[in-house]
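Numbers restart at 1 for each chain; the letters A, B, ... are given by sequence-line order, proteins then strands.
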There are 2 protein chains.
Amino acid sequence: MTQTLEPAASPVDARQKLFNAQDTFIRRWGEMGQTWGINRTMAEIHALLYITAQPLCTDDVMERLHISRGNASMNLRALCDWGIIRRLHKRGERREYFESLSDVWEIFSIIAAERKRREMDPVLETIKQCRSMLDESHLGKTAARLPEIQATRQRLEGMQEFVEVTNKIFQQFVSNARSGLNRIVRVLLKAL
Amino acid sequence: MTQTLEPAASPVDARQKLFNAQDTFIRRWGEMGQTWGINRTMAEIHALLYITAQPLCTDDVMERLHISRGNASMNLRALCDWGIIRRLHKRGERREYFESLSDVWEIFSIIAAERKRREMDPVLETIKQCRSMLDESHLGKTAARLPEIQATRQRLEGMQEFVEVTNKIFQQFVSNARSGLNRIVRVLLKAL
DNA sequence: GTATACTTTCAGTAATCTCTGAAAGATCGG
DNA sequence: CCGATCTTTCAGAGATTACTGAAAGTATAC
């Protein structure tokens with residue numbers, strides 16, 4: 001009679017359900033990673049470490065995600081390079097464990113900082129370079145005033161402004177992460 | 001003597017230099033697209049239409065980017081579907097032209113809105129689903145209190161909060177685009 | 001030193017994504 | 001209706017990216 005209101009809750013059952021829930025999350029996270037230019041497996045490994053909230057070793061990861069040792073090793077290393085997971089040595093154990101940072105805000109700040117550096121900064125550099133290719137000192141006054149050239153120059157300016165502002169937002173995001181990112185967020189949401 | 005201070009500026013020269021600058025931008029933009037999960041050619045086509053600031057037809061695009069008709073056609077269509085370029089019929093002309101939206105803020109608002117819908121919303125959905133798989137009504141009181149399960153639940157909560165706030169920021173970004181996005185930006189940058 | 005336990009690397013393979021080109025499908029003027 | 005012009009589609013080819021598994025490398029205990 002008690003069983004009609006309370007689902008069966010043997011530890012084995014519960015563990016199975018926990019795994020199901022975790023896998024659901026991991027799969028979805030992997031899919032999302034792909035559309036953001038992060039390879040599926042890397043995203044899945046990170047999701048696994050984040051969601052289980054405990055250190056796992058290479059074999060745990062291999063087994064759980066059905067991937068090879070090489071694949072696991074390379075992606076774990078890449079995640080360490082990004083700085084969003086950490087290596088961990090358990091005393092008395094030979095093998096290495098890995099754990100995810102626990103603060104989502106910190107994780108995404110790190111990613112934001114890195115992508116800004118790798119992707120936004122070079123674009124900004126290129127835009128500036130293109131603009132200089134089209135200024136008077138390179139083309140002469142007359143040519144620089146051709147309508148096509150003026151038009152392209154204007155578009156470059158528009159794009160530069162956008163990238164610069166976006167960069168600043170990224171910067172703020174990053175520099176506020178550790179000390180409670182919520183400030184940035186509250187300001188944003190209340191002010192608008 | 002005038003030529004020593006003023007670079008040669010024949011229209012042909014100038015056009016060549018314009019093309020060089022445009023190509024530089026286009027290539028860089030294509031590279032960036034890739035790392036953000038947008039295929040290189042699509043990014044390049046958009047960059048071309050944006051930077052030339054004038055309507056181009058399929059053949060113009062094919063020739064300029066050295067791509068096939070099929071490729072051009074499919075990617076132009078995809079860009080139209082996104083809503084960041086527009087079809088344009090010139091009177092008296094049979095063929096179709098395409099032009100990019102000119103306001104960068106609008107372009108990125110559209111992209112942000114679409115990616116939110118396609119990627120963030122499903123993730124949020126999944127997180128909620130996972131949480132419900134782990135609540136008391138599905139596991140029973142005792143099981144729901146196992147430390148592993150509590151830990152995963154907490155991580156899901158942390159992620160959900162993050163996604164929700166990010167969603168709101170996206171939303172604001174989008175709804176402010178047309179009416180001068182600068183408000184959002186000024187608020188952000190001054191407040192911090 | 002050797003044996004053991006674990007990690008990393010990388011050449012080859014597999015999977016995925018992108019592009020081409022030709023054929024089929026539109027659309028329009030006459 | 002036809003012929004001309006332009007667009008779309010899609011099967012197959014090509015290019016890129018990701019994965020495996022075995023061999024080489026590293027670290028520790030003894």
Could you state whether B/Trp36 and B/Ile111 fall into the same hydrophobic cluster, counting links through intermediate Ile, Leu, Val, Met, Phe, Trp or Tyr residues with side-chain heavy atoms under 4.5 angstrom apart?
yes
Is the phosphate of C/dT18 approached by B/Thr41 (side-chain N or O, under 4.0 Å from OP1 or OP2)?
no
Pick the nucleotide of DNA chain C nearest each of A/Gln34 and A/Phe98; which residue has the one closer to the 5' end?
A/Phe98
Looking at B/Arg77, I'd like to know whether one of its side-chain N or O atoms comes within less than 4.0 Å of OP1 or OP2 on D/dT9.
yes
I'd like to know if the side chain of B/Asp60 and the backbone of B/Cys57 have a donor-acceptor N/O pair within less than 3.5 Å.
yes
Nearest-angstrom distance from the residue atom CG of A/Asn75 to C1' of D/dC19:
9 Å
Residue that, paired with B/Arg64, satisfies side-chain contact (heavy atoms from CB on, under 4.5 Å) out of B/Leu56, B/Ile45, B/Thr52
B/Thr52
Phosphate OP1/OP2 of C/dT8: any A/Ser73 side-chain N/O under 4.0 Å
yes
Heavy atoms from C-beta onward define the side chain here; which of C/dT20, C/dT8, D/dT20 lies closest to that of B/Asn71?
C/dT20
Using nucleotides 1-6 of chain D, report all nitrogen or oxygen pairs with the protein that are shorter than 3.5 Å.
from	atom 1	to	atom 2	distance (Å)
D/dA4	N3	B/Arg94	NH2	3.4

Whole-Å distance separating the CZ atom of A/Arg87 from the C1' atom of C/dC6:
12 Å
Look only at the side chain of A/His46 and the backbone of A/Ile85, and say whether a donor-acceptor pair between them is shorter than 3.5 Å.
no
Just to be sure I understand the rule, does B/Asn39 reach a base, reach only the sugar-phosphate, or reach nothing, if contact means heavy atoms closer than 4.0 Å?
sugar-phosphate
Can you sort out the partners of A/Ser68 under side-chain contact (heavy atoms from CB on, under 4.5 Å), two or more places apart, ordered by chain and number?
A/Asn71
Could B/Arg131 and A/Phe25 be counted as a cation-pi pair, given that NZ or CZ must be under 6.0 Å from the ring centre and within 45° of the axis?
no
